[in-house]
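The structure under discussion appears below in the form of structure tokens.
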Amino acid sequence: MIATNKTILKLTDLRVEALSGAVLVDNVSLELKRGEVVGLIGESGAGKSTIGLASMVYARAGCRITGGKVEIDGEDIRLLDADGRRDRRGQRIAYIAQSAAASFNPAHRLMDQVIEMPVSHGLMTIGEAKIWALELFRALDLPNPETFGDRYPHQVSGGQLQRAMAAMAMSCRPDILVLDEPTTALDVTTQIEVLALLKKLIRDYNMAALYITHDLAVVAQVSDRIMVLRYGKMVELGETAQILQAPKMDYTRALVAERKAADKLAVISASNKAQPVIEAQNVVGVYGTFTAVKDVSISVARGETVAVVGESGSGKSSLARLIVGLL
């Protein structure tokens, strides 16, 4: 589809407070158009995730939305009752959390959890939902998409689970996605692919997205506009190129400068001749008939840090769990 440039989400003077009275989001306004991605950036505690959740008229325990409008396609969903808001969530606006492992039920297979929303909302039959889920698994480049949904959450890597959660959010073909650092668990290669894919899906299905992150490099790849937040207030809002190349506010300039400085940091390495405090030789780890770790040896000396790197699903976490005896 071609984006219509029509406003699909409008936040007007949004205010969120803690029960203690502390103001977490202070009269923030934002318009989001179809086909557009707006990045929300700022330090930890700036109010990014709080705004993302409030756009679904949801507040974490100990918080409450105390003012403003949240309009989806012209309808103020703050005025709806609990059932009405629940009906809009998933169907009109969906959330991709930062921690996929905490978002899945460990007792149910992935396919059952991905198809639950479109079936419960009455949008698809079970058969139709499974066909759409398979299409999403393929689009998200998940391994063996035909059988991927048969696995339980603990049987896939963190990066694969993160992509499965993206499929779950897309299952109802919502108008709006709230992306709360959805690529944190992905390796760099997969992260770029998933970001490009998410942006393509948003354009193709004429959706819109709020992209919450603290990483300017990530937001530069996916966002059309950027809102900079601090202490729950909007500092600056503008086109991505303008924010990153010619920021107007001192705080935004400081954020951009810090990112550029971080890119120049050198990695310092040092040799350590101490005796190893832990040593693993020819480790093999198997899940059923699938071999996740194949003949891996590693040693770590006192005072030394050894990095284990590789793409999503390469066996990094499985090796770590084997070494400390969790598997």
Side-chain angles (χ1 to χ4, degrees), residues 3-18 22-60 62-82 84-98 169 172 174-182 198-199 202 206-214 219 222-240 242-243 248-249 251-252:
T4 61
N5 213 33
K6 177 184 177 183
T7 297
I8 184 64
L9 175 67
K10 186 176 181 180
L11 308 179
T12 306
D13 297 328
L14 181 66
R15 187 177 179 88
V16 182
E17 299 179 16
V23 178
L24 306 178
V25 176
D26 192 357
N27 296 322
V28 170
S29 297
L30 172 68
E31 289 191 16
L32 183 65
K33 301 182 185 301
R34 285 191 179 274
E36 182 183 41
V37 180
V38 173
L40 302 181
I41 67 170
E43 300 173 45
S44 178
K48 306 183 295 296
S49 295
T50 303
I51 291 172
L53 292 170
S55 67
M56 305 173 69
V57 192
Y58 180 86
R60 290 191 177 100
C63 306
R64 58 179 180 165
I65 301 171
T66 56
K69 294 181 179 180
V70 179
E71 297 173 85
I72 296 179
D73 219 1
E75 177 187 41
D76 188 353
I77 60 174
R78 274 201 73 204
L79 302 179
L80 299 175
D81 59 17
R85 293 195 297 270
R86 192 177 301 113
D87 186 60
R88 302 306 185 272
R89 294 170 187 155
Q91 187 173 177
R92 299 300 306 273
I93 182 168
Y95 181 78
I96 300 180
Q98 184 174 359
C172 287
D175 296 299
I176 305 154
L177 286 177
V178 179
L179 309 169
D180 196 348
E181 306 222 30
L198 286 172
K199 190 162 186 177
I202 289 163
N206 206 19
M207 301 162 61
L210 290 177
Y211 197 100
I212 297 164
T213 183
H214 64 276
V219 84
V222 73
S223 296
D224 300 292
R225 291 187 295 144
I226 294 174
M227 175 183 279
V228 182
L229 295 156
R230 192 183 193 193
Y231 304 139
K233 296 183 179 181
M234 185 187 76
V235 174
E236 188 170 351
L237 173 65
E239 300 294 322
T240 297
Q242 178 262 307
I243 293 292
K248 297 176 181 178
M249 306 302 292
Y251 178 69
T252 310

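The first residue of the sequence shown is numbered 1, and numbering continues consecutively from there.
- Residues meeting the side chain to side chain contact (heavy atoms under 4.5 Å, CB included) test with Leu32, sequence neighbours left out: Leu9, Glu36, Val38, Ile176, Ala208, Leu210.
- Interatomic distance, Leu14 CG to Lys69 NZ, rounded to the nearest 0.5 Å: 13.0 Å.
- Taking the side chain to side chain contact (heavy atoms under 4.5 Å, CB included) definition, one finds that Lys199 meets it with Arg203, Val222, Asp224, sequence neighbours left out.
- Atom CG of residue Leu40 and atom NE2 of residue His214 lie 14.0 Å apart, to the nearest 0.5 angstrom.
- Every residue two or more places apart in sequence or in another chain that forms a side-chain hydrogen bond (donor to acceptor under 3.5 Å, both in side chains) with Asp26 is listed here: Arg15.
- Applying the salt bridge (charged side-chain N to carboxylate O under 4.0 Å, His left out) test to residues at least two apart or on different chains, the pairs with a partner in residues 43-53 are Glu43-Arg230.
- Atom CD1 in Ile212 sits 4.0 Å away from atom CG in Asp180 (nearest 0.5 Å).
- Atom OH of Tyr251 has more than 12 neighbouring heavy atoms from other residues, nucleotides or ligands inside a 6.0 Å radius.
- The side-chain hydrogen bond (donor to acceptor under 3.5 Å, both in side chains) test applied to Arg64 returns no partner, not counting sequence neighbours.
- Legend: residues meeting side chain to side chain contact (heavy atoms under 4.5 Å, CB included) with Arg78, ordered by chain and number and at least two apart, are Val57, Ile65, Val70, Asp76.
- One distance of note links OG1 of Thr7 with CD1 of Ile72; it measures 13.0 Å at 0.5 Å rounding.
- With sequence neighbours left out, Glu75 forms a salt bridge (charged side-chain N to carboxylate O under 4.0 Å, His left out) with Arg88.
- Applying the side-chain hydrogen bond (donor to acceptor under 3.5 Å, both in side chains) rule to Thr240 yields no partners; only residues at least two apart in sequence or on another chain are considered.
- Residues forming a side-chain hydrogen bond (donor to acceptor under 3.5 Å, both in side chains) with Glu236 (at least two apart in sequence, or on another chain): Gln242, Thr252.
- Counting only distance, with no hydrogens or angles, the side chain of Arg34 and the backbone of Asn206 share a donor-acceptor pair below 3.5 Å.
- Atom-to-atom distance recorded for Arg92:CZ and Asp73:CG is 5.0 Å, nearest 0.5 angstrom.
- For the atom pair Met234 CE and Leu229 CG, the distance stands at 8.5 Å (nearest 0.5 Å).
- Qualifying salt bridge (charged side-chain N to carboxylate O under 4.0 Å, His left out) partners for Lys10, counting only residues two or more places apart in sequence or in other chains: Glu31.
- Partners of Ala209 according to the side chain to side chain contact (heavy atoms under 4.5 Å, CB included) rule, which considers only residues two or more places apart in sequence or in another chain, are Val37, Leu177, Leu179, Ile202.
- Remark: side-chain polar atoms of Ser29 are paired, donor with acceptor, to backbone N or O of Asp13 under 3.5 angstrom.
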